[in-house]
Each structure stands twice: as structure tokens, then as C-alpha cells.
Amino acid sequence: MNLHDSLTRETRRFEPLRPGRVAVYGCGPTVYDFAHIGNFRTFAVYDLLHRHLRRHGHEVDFVVNFTDVDDKTITGAANAGLLLGEHTETFVDAFLDDAETLGFLPFSSHPRATAYIPAMVAFIERLVKRGSAYLAADGSVYYAVPSFDAYGRLSGKGGDDDAGRARIDAEDLDKRDPRDFALWKPAQPVDRDVGAVWDSPWGLGRPGWHLECSVMATSLLGDTIDIHLGGEDLLFPHHENEIAQSEAATGQPFARFWLHVKHLKVDARKMSKSLGNFHTVRELLDEGYDPAAIRWTLLSAHYRSELNFTRDGLDDATASVQRLVDFRRRVRDAGETPGGATELAPRAGEHLAAFGRALDRDLNVPRALAALWTLVREVNTALDAAGGGMARADREAVLDALAGMDAVLGVIDLAESSRKVADTDEERVQALVDAREQARATRDFATADRIRDELATEGIRLEDTAEGTRWTRIRTGP
RNA sequence: GGCGCCGUAGCCAAGGGGUAAGGCAGAGGUCUGCAAAACCUCCAUUUGGCGGUUCGAAUCCGCCCGGCGCCUCCA
């Protein structure tokens, strides 16, 4: 498969450093609030990559951290009158809930920054020893950017002639270079209030944000990882700083591929609380949207393209997901016709292969979806022509192809699970459907249509077929 | 100001030197008591505008217009 590497700005073939085992690190949420739909676009792409790597037969060590100590988490805890851990726990749990809602495969591990403080201290000591970091008069330990020649290679920013250099103000006076960044910060009163202080050779304090990811990544995955992911905003300075720290400490290349996910916009504007277009997953669920439709929407554009998140888009996605659910059900329920496989079986295999090839091209989901819809249309056409039946071998091949595609898309089972009805409800619906059948038998269409309309308002769709009336719970959006 | 990205039909969205994938919506049709679902047909001589390179450009180059991101611990 090929992936686009932000560092070299080229798309090239990806092979794991260790055959069959891929080491991936994705910058995770800062747990100071509920993650929003934009955050989840990025994480949905993590899940997409995770699933596709597994489709390739790789074992994947996929680490997604929780940043549970930084300015925002500390401020949030202080405002809530809680200890840091008490405050962040809520949002850690919420993230894991939302991830499950959106059908994410469990990641290999979710390290919390606060669990890696000793490793961070040791990491800083190595950097100080190597002359890459220094203790400043204010008690902070800073990374010395000028000591790292390759600084700026990833982002094209941060050269010593950069305009940002002018950004020197009072708080930077203790730095040797304005680009230097904190690895360790001395304890402030608010830090002590919420319990965000740890001991170190430089006194009580807490780690700098950039350091956290370098330490968790190298601790869990080794000095050189295969793929490092993040939102596009993290390219500078976060990822630039991660490279500088990690490579200075280990002497090894840090990440072989850097993938950056483009931000989504909402109604063509940047998402922000002031514009009122700030959505969380749970809010969208409360409005009645299907989790599978949200997932579909987040994945439907290429990850390096801007994605405009709209209600219309969610409605489109709802329809697409419903069509897939209907399709799988139709194939599963199809009557069996005698004989062996026809041309349908090899065609299904070809479409699955095309689907995989598209994803191999830097996770090109839109192109992959074209293969999916071609499969759907060809099989539906064949079913129509054959009066709704198909050969067993064909059906198995089609279902295998569909399962192979959905192993990456992950929407069909997710959609089915949100369409379950309670048993009692089922009896009531069936009774109404039976009553309608009686009415139809006597050509009392007024009654029949009234029942159908009533059920429609509950999201129950009726279909009169040659084998009788079938009913299905569908999703049509809020 | 510095660095970078984007502009494809009503909407969403691929392609990225060889003659515009796919989905949604819409129109007509098959099926149906009527529907629904499904299928068939139609739906961009054209890819923000103007030039240029080329046998050939949506794809390359230049300029212009419009939108956006990063440079502030926002995914």
C-alpha cells in the first residue's frame, strides 16, 4: 500500500520496519472537554488505517494517547473544583464511549501522560546530558532548538530566520532561543491545587505537552515507529518538536511516515463555539442521527481533503447506509437457485479487489466506494433478473466481498445494531401488519394505507412482495 | 508579513497530460391496488476566470478572482 508522508511530501510504498507488525502512534484527545465531531474525523481516519492495515494481514500496535495533563486540563479541574484525575476521567470515559458508538476497533493502548512521568523525567535527563536541553533561571527545563539541525524539516517553519522569532515577550526571557520549548515546567499554585505536580531533579513540576507524546510513543513502540498520525494543526509546532526531542534523545529516526488529517468544517465554516456550529457525537445522537451515518460522513471524503460537515451530508449518509443495510439483507434472504456460481462470484471478487486497491492508494475512500456501489448495483440487477434468487456460491461470494469492504468501512453491523426493536414492539408491529393484510385482502385500501402511514411515522417501512408484506425498521434521519 | 492548501453538475465527492468515477437529489420508465425497495434511461462538450506550453490540459506554467489552514499547547 502507498501512503502520503507529510515529511517528505511524497506518496510512497509502505512496508513496516518489522515485517508483519506495524507500530502506529496517533496523537489522542486532550481530555478537558467532550471531543467534537472534528476531533472524531481525525480519529475515524485512525480507525480506517487501523482496519486497512489489518486487512493487509499486519499485526498492528496502535497507540492513541490521552493528554491528561496540560494547561487546559489543569484549568478545567481548577474551575470545577476537582483534582486533575477526577476531572479528566469524565472525558476519558466519554471518548471511549463515543469511539465505541462510532464503531472504532479498540486501539492497542491508550496511555495517559500522567502514567509516564518517571519516563518523561528520564527522557529529559538524557536530553540535558546530550546538550539538547538546559535548566533555565525560572526553573523550567527547555529544549534547545538550535542544537537540532533538522528542526523545521517537517513543517518548513521554525528556521532561525523565521518571522516567528520576533515573537519574544516577557515570558520568553529565560529561554536562550525564542523557539525553545518547555520540557518541564515548575509547579504553579494552581498545579498544586489540582494535584498536577510531580517530583523531579528540577523540583516539583509537570511535563511539557510536546514531551508527552515523544515519551509515550518511544516507550511503547520503540525508537522508530512506522506511522505517526495527527490532525493537520499539530504539524507545527507539536510534531516538529516531537521529532526534535525524540531524535536527539535516541539518535534514531523517529517516524517513517507522518500522516496528517485535514480539518473538517461545519456548514463551510471553521467549527467554533461562537459560531454555534460546534457538535459533539452525543449531541448528534440526541438529535436522532444514526451513528453509522455519522461514521460514513466522517470517512466519505479523502482524509487529506477538506470535509464540509452538514445536515444535508448526514442525510445523504443516512440514505447510503440504509441502502447498504437493505442490500445485505436482500442478499442474505435471497432464495437459492440451483446450479453453481455464475459470473457474479468472480465479479464480486473483482470489485473487492478494486476496493482494496483504492484504499492502497493513500486510503482513497471515495474511489473505494465507487467499487462498493458497483457491486451493489450489479448484484441487485442480477437478483431482479432472476426473480430474487441466486446460486449459493454466488451468494457466498457476494457476502464475502461485502464483508471484506465493510471490514474497513465498518458501517453495516453498526447500522443494524441501531435498528433493533424490542420483542414487545415487534409483536405490536406484526399485529398491525397482519391487520393491514386483512384490509388489503378485502380491497379496503384506505385502512391499509392508514396503517402503513402510521407505521411509517415510527420508522417502520413496509414492502409488499410476492411472498407477503415485509417490514423493516429504517433510519431516515431526525 | 512568512509557509501551505483548495476552487469539478442543485448538493457531496474522485481523477490529476489522452478526451469528466461514484453517491444524494431531480425527470421519465419497469414493477405495485397505490406505494416502498430494486432496476433501466436521462441529468457537466465541461472542471473559478484569462492567457501560455502541448498533437492534446480539469490535469503543467503564469496572472487574476474567490475560499481556507498553520505561524497562539484547536484533531
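Protein chains get the first letters and strands the later ones, always in sequence-line order, with residue 1 at the start of each.
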Assigned partner base of [N], Watson-Crick or wobble definition, under 3.5 Å:
| N | answer |
| --- | --- |
| rC68(B) | rG4(B) |
| rU41(B) | rA27(B) |
| rC50(B) | rG62(B) |
| rU32(B) | none |

Taking the side chain of [X] as heavy atoms from C-beta outward, which of [options] is closest to it?
| X | options | value |
| --- | --- | --- |
| Asn380(A) | rG23(B), rA38(B), rC70(B) | rA38(B) |
| Arg452(A) | rC34(B), rA75(B), rA37(B) | rC34(B) |
| Asp326(A) | rA37(B), rG33(B), rC71(B) | rA37(B) |
| Glu232(A) | rG69(B), rA75(B), rC34(B) | rG69(B) |

Heavy atoms, side chains only, cut-off 4.5 Å: are [X] and [Y] in contact?
| X | Y | result |
| --- | --- | --- |
| Lys157(A) | Glu240(A) | no |
| Thr469(A) | Arg440(A) | yes |
| His239(A) | Cys213(A) | no |
| Asp68(A) | Val92(A) | no |

For a quick test of reading the model: is some side-chain N or O of [X] closer than 4.0 Å to OP1 or OP2 of [N]?
| X | N | value |
| --- | --- | --- |
| Asn39(A) | rA75(B) | yes |
| Lys270(A) | rC70(B) | yes |
| Arg323(A) | rC24(B) | yes |
| Thr381(A) | rC40(B) | yes |

Any chance the side chains of [X] and [Y] put a donor and an acceptor closer than 3.5 Å?
| X | Y | value |
| --- | --- | --- |
| Asp394(A) | Thr342(A) | yes |
| Asp434(A) | Gln438(A) | no |
| Tyr32(A) | Asp71(A) | no |
| Ser418(A) | Asp290(A) | yes |
| Ser140(A) | Asp138(A) | yes |
| Asp315(A) | Thr318(A) | no |

Original post:
Can the positive tip of Arg295(A) be found less than 6.0 Å from the middle of the six-membered ring of Phe104(A), inside 45° of the ring normal?
Top reply: no

Original post:
Do the side chain of Asp444(A) and the base of rG33(B) come within less than 3.5 angstrom through a donor-acceptor pair of N or O atoms?
Top reply: no

Original post:
Any donor-acceptor pair under 3.5 Å between the side chain of Arg377(A) and the base of rA38(B)?
Top reply: no

What is the distance, to the nearest angstrom, from the [atom1] atom on [X] to the [atom2] atom on [N]?
| X | N | atom1 | atom2 | result |
| --- | --- | --- | --- | --- |
| His263(A) | rC70(B) | NE2 | P | 7 Å |
| Arg330(A) | rA36(B) | CZ | P | 16 Å |
| Asp384(A) | rC40(B) | CG | C1' | 10 Å |
| Asn241(A) | rC71(B) | CG | C1' | 13 Å |
| Asp453(A) | rC34(B) | CG | P | 16 Å |

Subject >> Pairwise 5' ranking along RNA chain B for Tyr46(A) and Trp296(A), keeping only the more 5' one >> reply: Trp296(A)

**OP:** Using a 4.0 Å cut-off on protein heavy atoms (strictly under), produce a 5'-to-3' string for nucleotides 6-21 of chain B with B for base contact, S for backbone-only sugar-phosphate contact, and - for none.
**Re:** -------SSSS----B

Subject >> Side-chain donor/acceptor of His110(A) to backbone N/O of Val64(A), under 3.5 Å >> reply: yes

Got a list of protein N/O to nucleotides 26-30 of chain B N/O distances below 3.5 Å?
none

**OP:** Please indicate yes or no: is the ring centre of Phe40(A) less than 5.5 Å from the centre of the six-membered base ring of rA75(B), with the two planes inclined by under 30 degrees?
**Re:** no

Subject >> Interface residues of residues 455-469 of chain A with RNA chain B (non-hydrogen, below 4.0 angstrom) >> reply: Arg461(A), Leu462(A), Glu463(A), Asp464(A)

